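Notes follow the structure.
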Amino acid sequence: MSRFAALVEVRLRPGIADPAGTTIERSLAALGFADVSGVRTGKAIRLEVEADDAAAARSRVEELCRRFLTNPVIEDALVSLEEQAR
Amino acid sequence: MGAGRSGPPADGDDPGPAPDVALHRGLGLTDSEASAIEALLGRVPNHLELALYAVMWSEHCSYKSSRVHLRRLPTEGPGVLVGPGENAGVVDAGGGIAVALRIESHNHPSAIEPYQGAATGVGGIIRDIFTMGARPIALMDPLRFGPLDDERSRWVAAGVVAGIAGYGNAVGVPTVGGELVFDQAYAGNPLVNVLCVGLLPVERLVLGRAGGVGNLAVLLGSATGRDGIGGVSVLASAGFTDDVVAEEAKRPNVQVGDPFEEKRLIEACLQLLDEGLVVGIQDLGGAGLACATSETASRGGVGMDVDVSAVRRREPAMEPWEVMTSESQERMLAIVTPENLGRVLEVCGRWEVAASRVGVVTAGGRLRILDGWGGEVLADVPAASLHEDAPLYDRPRRAPADRGARAADDPGRLPAPEDPGKDLEMLLVDPAWVYRQYDHQLFLNTVVAPGGDAALLRLHAPGVPGGDGRALALSADGNGYWCAADPRAGTAAVVAESALNVACVGARPVAVVNCLNFGNPEHPEVMWQLSEAIDGMAEACRSLGLPVVGGNVSLYNESAGADIDPTPVVATLGLVEELRSPPPGVGLVAGEVVLLVQAPGAAPSLGASQWAVRLRGHRGGRLAPLDLAAHRRLVEVVVGLVAAGVPGGVHDVAGGGLGVALAEMAIASGVGARVAGVDGHVGLFGEAPSRVVLSVPPGRVGEVIDAVVAAGLEAVELGTAGGERLVIEGLVDRGVDGLRQAAARVLPDALGAVGSA
Amino acid sequence: MSVTVGVVVFPGTNCEHDVVEAVARAGGEARTVWHADRRLTGVDAVVLPGGFAHGDYLRPGAIARFSPVMAAVEELARAGGPVVGICNGFQILTEAHLLPGALQKNRGLAFVCAPAELEVVTDRSVLTAGVAVGRRLRVPVNHFEGNFTCDPSTLAELVDQDRIVLRYVHNPNGSVADIAGISNEAGNVVGLMPHPERASDPLLGSEDGLVLLAALLASAGAPMASPRSGAPPVPSDGSGSGAFGAVAAAAT
């Protein structure tokens with residue numbers, strides 16, 4: 001078994017309205033950052049998981065994302081994994 | 001008919017549905033509806049036109065299965081300024097102020113994405129109210145979920161409550177009450193109903209109609225995305241199956257609410273109305289622009305040209321039919337004279353509300369969708385046909401086969417509880433965990449907060465002068481157990497209870513709105529339930545002098561083939577002419593006499609009672625009879641006594657019977673009581689309409705009894721309030737604090753941890 | 001002399017009408033000030049009321065602090081004028097660094113709207129000048145992010161400088177040291193999570209909020225009175241900004 005650090009980025013799915021992102025983008029323009037676009041908000045969640053290998057760890061984290069960390073109706077998750085030194 | 005249609009292939013092989021057949025079916029239209037559209041137009045409709053009809057003729061928008069029955073409801077009364085059919089009902093509250101109110105369901109969206117489903121339900125109902133020119137001042141949410149021991153139901157319940165709080169609090173409209181029910185009947189299909197009331201100076205009343213050829217249609221608010229496309233035809237007008245793949249496929253329809261956009265939209269629209277800058281205004285709800293443009297044109301007897309390319313979009317490559325039927329939230333359509341356009345854009349700019357000219361009012365009654373001004377005509381249909389020519393279905397009705405057997409299955413035969421005090425404790429649920437998450441105080445109006453029999457609010461709102469010490473009361477009520485046992489009598493009893501609830505805070509009931517939550521109308525038993533419920537409601541409303549000023553019908557509440565219990569929800573508006581001090585509220589005062597006031601000969605029944613269904617799983621039996629004339633007199637007596645400040649505590653006896661009513665009064669005040677003469681567990685838990693418990697100072701008992709007897713009612717002296725225990729002789733002896741703690745624990749224990757996810 | 005309170009309205013603010021009404025009940029006058037205004041003319045004190053300025057997106061108060069009016073609010077605060085942030089207003093004042101600390105999500109991770117019992121901790125603030133220390137007041141709270149937090153040295157400073165204005169008797173949100181409200185060093189800038197305007201009428205169940213609003217009006221209208229009871233009286237500069245202007249000026 002190895003230990004993996006996972007970074008889960010919970011994002012609104014493409015096409016789902018993001019009121020917070022829109023508001024931040026509008027405010028950035030008012031503060032002089034008119035060159036900024038495509039602001040989307042989300043959540044980042046860090047966790048660690050024990051698994052045989054990276055593939056198993058990924059599938060475990062993806063499962064918990066689907067079942068708990070996201071509502072697949074509006075959100076998806078981007079999972080980054082890094083094996084921890086023992 | 002069928003003039004332009006290419007006929008089926010002449011050979012004998014079955015080719016399967018022709019492409020256009022697949023198209024209209026995919027949009028939710030039946031074959032006969034598609035034929036009707038073709039006959040109306042005199043040609044084959046194109047895809048965009050079919051999409052317009054599909055959403056406008058959906059059950060959700062057209063009420064095609066219920067309208068033939070809804071006509072039986074009384075809708076007129078002396079104070080009614082606007083009845084059903086507009087965005088909200090409007091009632092004259094005196095002093096130059098009118099009350100706008102409406103109730104709606106958001107059941108299906110909430111089942112799929114509880115937070116956003118509930119949030120967008122709140123947003124939609126608020127838009128219906130300020131569309132009428134009213135400042136929204138209060139929300140109420142009657143909620144029904146599956147049982148608390150079901151994981152998914154807990155997730156739905158916690159998400160819905162968070163969604164109502166998240167949207168309602170941020171948009172700045174207080175949530176002053178509601179209902180909370182957990183029952184297996186709602187496990188696959190929760191009921192999330194939402195009520196909004198608003199106040200307006202009578203002269204600011206506006207209607208959602210276009211007028212004046214050459215006037216402009218201006219789209220206000222959020223950009224349009226692919227949210228909720230086909231929501232009304234797919235989500236709200238069909239039931240849930242147990243097919244996971246099919247349910248997943250419905251999911252991309254979920255809309256996301258933005259309370260901040262809505263807040264700015266409220267302020268901008270009310271300023272536009274104050275300055276007299278709009279001819280008519282309409283919110284975009286179910287069926288989006290298709291609905292708003294065709295309804296305003298149809299109501300105004302005009303037509304409209306809509307430039308679909310002028311609609312601001314959030315996503316690339318949207319098709320015209322997507323733009324026209326999108327249910328993106330927080331949008332309004334204002335009809336404006338060309339000379340006022342500049343000022344309209346200025347007001348919107350101040351509130352950071354985007355506004356774009358998307359249409360122009362035309363003569364001739366056609367709704368034309370154009371690709372750019374003077375560009376290609378993408379659709380050309382009679383506006384009124386979308387709004388008014390939907391088919392009317394008088395669907396088959398049939399009483400359930402087991403009706404007689406179910407009624408005969410009397411829970412009175414169940415063994416008496418060994419410890420009625422334990423059963424009583426199990427029936428108590430304190431809803432504070434829910435309403436503490438709602439801002440229920442904004443605008444400084446809330447005299448009776450959630451937890452009482454009805455909310456009581458000062459008649460007062462920003463930008464609405466006057467009020468003069470007047471107040472309004474609101475109560476939302478439903479009872480699926482009663483209505484499943486007997487939809488007609490059960491619905492009448494729900495109306496009666498709702499009227500009595502507002503009376504308990506001293507208000508005279510003046511009007512109701514309803515939200516009719518039923519199962520699949522293609523099931524004859526469901527149509528029978530709906531028809532019976534409407535008759536029961538009509539009878540009760542006529543007898544109690546309560547016009548129905550608006551309503552919503554939610555059908556297809558079913559899951560895996562099982563329909564929900566018929567659950568008509570009634571919200572009653574009451575008025576107080578002069579509010580000098582808060583009403584006594586639910587409670588007991590030590591040293592006072594505990595009186596039960598009721599219709600003569602009241603005979604409580606355990607049939608369809610909370611005790612029988614929730615604690616024994618027994619749903620059969622008959623309801624206690626309701627004497628509507630006596631009930632009306634009871635309502636008047638209670639209003640009079642409370643207005644005169646006689647009782648120290650008032651509570652109507654409803655679900656759970658006398659035992660629960662007494663326990664709730666004891667818990668609310670922290671004062672116990674010793675009462676006698678309660679006839680066994682039937683007397684303790686049996687339910688009957690037209691009953692109120694009063695806590696009365698000993699010196700005034702005589703005058704209360706005189707008033708009660710003069711009204712042809714009866715008063716029973718139950719005992720005396722005081723001490724720290726609730727003692728119901730021969731049945732219950734419990735500490736008040738223990739009961740309070742038991743009631744307070746239920747929701748945090750079940751839901752407390754879920755909300756943090 | 002009647003005192004005029006400016007009540008700042010950001011897009012998303014929703015308690016402005018309630019504050020205006022409650023200030024009138026307390027005997028003052030109030031008018032709303034739009035967030036895009038750069039000047040606060042004819043105003044003796046400022047209230048940043050509750051609500052959800054800019055939707056509370058990003059963080060409560062994070063966008064509002066950049067509104068044009070905030071420069072004028074800062075100027076008034078620096079000159080010693082009374083500035084009170086209620087709920088969302090408190091959050092804005094911390095984001096604007098006019099008050100220390102931050103308001104986190106409630107310990108229970110849920111919005112809480114309920115009556116709260118408060119204890120007056122000091123009379124050395126514009127909101128509690130003349131109010132007996134130890135007095136209990138019943139004033140509602142209504143927030144999701146009301147859990148006041150700060151580092152230990154800031155907390156020690158708040159205690160040492162007598163800048164904790166109000167404490168909860170029963171902590172509803174997990175605030176450090178049961179803090180319901182704090183002030184700046186001079187006592188002229190106060191932030192609190194409870195809503196005094198919601199306890200301003202017997203029909204609403206409490207009038208205790210009027211005690212605080214009356215103190216604010218008295219502070220704003222009485223140039224010679226000083227809430228810092230230990231501080232020597234300092235002559236007013238006559239600008240109408242009240243005693244705190246003088247105190248602050250003396251301190252700089």
Side-chain angles (χ1 to χ4, degrees), chain B residues 135 158 161-162 164-166 168-175 258-264 266-268 350-353 432-450 456-458 460-463 469 471 579-583 748 751-757, chain C residues 9-22 24-25 32 34-36 49-58 60 63 87-88 105-116 139-145 172-173 194-207 209:
Chain B
R135 159 76 66 175
V161 169
I164 291 167
N169 298 348
V171 79
V173 181
T175 300
D258 181 356
F260 178 44
E261 181 79 39
E262 177 111 334
K263 169 69 176 166
R264 288 179 285 117
I266 294 175
E267 302 302 336
R350 176 179 200 259
W351 290 104
E352 301 176 23
V353 166
W433 181 86
V434 171
Y435 67 71
R436 278 168 57 102
Q437 298 186 49
Y438 302 152
D439 179 351
H440 50 261
Q441 299 173 321
L442 188 69
F443 301 138
L444 311 185
N445 286 343
T446 311
V447 179
V448 176
L456 184 65
L457 308 175
R458 296 197 301 156
H460 153 275
L579 184 70
R580 286 184 222 95
S581 57
L751 300 172
V754 193
S756 59
Chain C
V9 182
F10 301 90
T13 296
N14 61 31
C15 295
E16 72 274 24
H17 306 287
D18 298 1
V19 172
V20 167
E21 189 177 328
R25 278 188 167 273
T32 55
W34 184 236
H35 79 116
F52 292 73
H54 298 277
D56 271 4
Y57 293 136
L58 194 56
I63 299 174
C87 196
N88 197 214
K105 281 196 169 61
N106 296 342
R107 182 178 45 196
L109 291 178
F111 193 96
V112 56
C113 175
V139 180
V141 294
N142 185 69
H143 57 248
F144 202 145
E145 277 113 347
N173 54 26
H195 288 259
E197 77 277 12
R198 294 187 178 198
S200 60
D201 187 320
L203 280 176
L204 305 176
S206 171
E207 291 181 280

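All values reported here derive from a predicted model rather than from experimental measurement. Residue numbers start from 1 in every chain, and the chains themselves are labelled A, B, ... in the order their sequence lines are given, proteins ahead of strands.
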**Item:** Most contacts with chain C, counted as non-hydrogen pairs under 4.5 angstrom, among B:G172, B:A449, B:P462
**Value:** B:P462

**Item:** Which atom of C:C15 lies closest to which atom of B:L442, heavy atoms considered
**Value:** SG-CD1, 3.7 Å

**Request:** Under the ring pair (Phe, Tyr, Trp, His ring centres under 6.0 Å) rule, collect the residues that match up with B:H460, sequence neighbours excluded.
**Result:** none

**Message:** One pair to check against side-chain contact (heavy atoms from CB on, under 4.5 Å): B:F260 and C:D56. What are the steps and the verdict?
**Reply:** CA-CA 9 Å; B:F260 178 44; C:D56 271 4; over 6 Å; no

**Asked** With a 4.5 angstrom heavy-atom cut-off, which part of C:T13 approaches chain B: side chain, backbone, both or neither?
**Response** backbone

**Message:** With a 4.5 angstrom heavy-atom cut-off, is it the side chain or the backbone of B:Q441 that approaches chain C, or both, or neither?
**Reply:** both

**Asked** Top residue by heavy-atom pair count (under 4.5 Å) with chain C, among B:V447, B:D439, B:L579?
**Response** B:D439

**Engaged part of B:R350 at the chain C interface, taking heavy atoms whose separation is under 4.5 Å** = both

**Request:** Check whether C:P11 gets within reach of chain B through its side chain, its backbone, both or neither, counting any heavy atom under 4.5 Å.
**Result:** both

**Prompt:** Quick one: what part of B:F443 sits under 4.5 Å from any heavy atom of chain C, side chain, backbone, both or neither?
**Reply:** both

**Request:** Provide the closest heavy-atom pair for C:P202 versus B:P582 in the form atom of the first, atom of the second, distance.
**Result:** O-CG, 4.1 Å

**Request:** Could you tell me which non-hydrogen atom of C:L203 sits nearest to which non-hydrogen atom of B:R580, and how far apart they are?
**Result:** CD2-O, 4.1 Å

**Message:** Side chains of C:R25 and B:L444, heavy atoms from C-beta outward: is any pair under 4.5 Å?
**Reply:** no

**Asked** Do you know which of C:A114, C:G205, C:P140 has the most heavy-atom pairs under 4.5 Å to chain B?
**Response** C:P140

**Side chain, backbone, both or neither of C:F144 within contact of chain B (heavy atoms, under 4.5 Å)** = neither

**Complete:** Heavy-atom closest pair (C:C113 atom, B:Y438 atom, distance to 0.1 Å) is CB-O, 3.2 Å

**Asked** Is the number of heavy atoms from other residues, nucleotides or ligands under 6.0 Å of B:R436 CZ greater than 12?
**Response** no

**Prompt:** Run the side-chain contact (heavy atoms from CB on, under 4.5 Å) check on B:H440 and C:N142 step by step: do they pass?
**Reply:** CA-CA 9 Å; B:H440 50 261; C:N142 185 69; over 6 Å; no

**Prompt:** Of all residues at least two apart in sequence or in a different chain, which pass the ring pair (Phe, Tyr, Trp, His ring centres under 6.0 Å) check with C:H143?
**Reply:** none

**Request:** Examine whether an atom of B:N445 lies under 4.5 Å from a heavy atom of chain C, and if so say whether it belongs to the side chain, the backbone or both; otherwise answer neither.
**Result:** backbone

**Item:** Pairwise side-chain contact, B:V161 with C:F111, heavy-atom cut-off 4.5 Å (strictly under)
**Value:** no

**Message:** Counting only non-hydrogen atoms closer than 4.5 Å, does B:R264 touch chain C with its backbone (N, CA, C, O), its side chain (CB onward), both, or neither?
**Reply:** side chain

**Item:** Toward chain B, the part of C:D18 with a non-hydrogen atom under 4.5 Å
**Value:** both

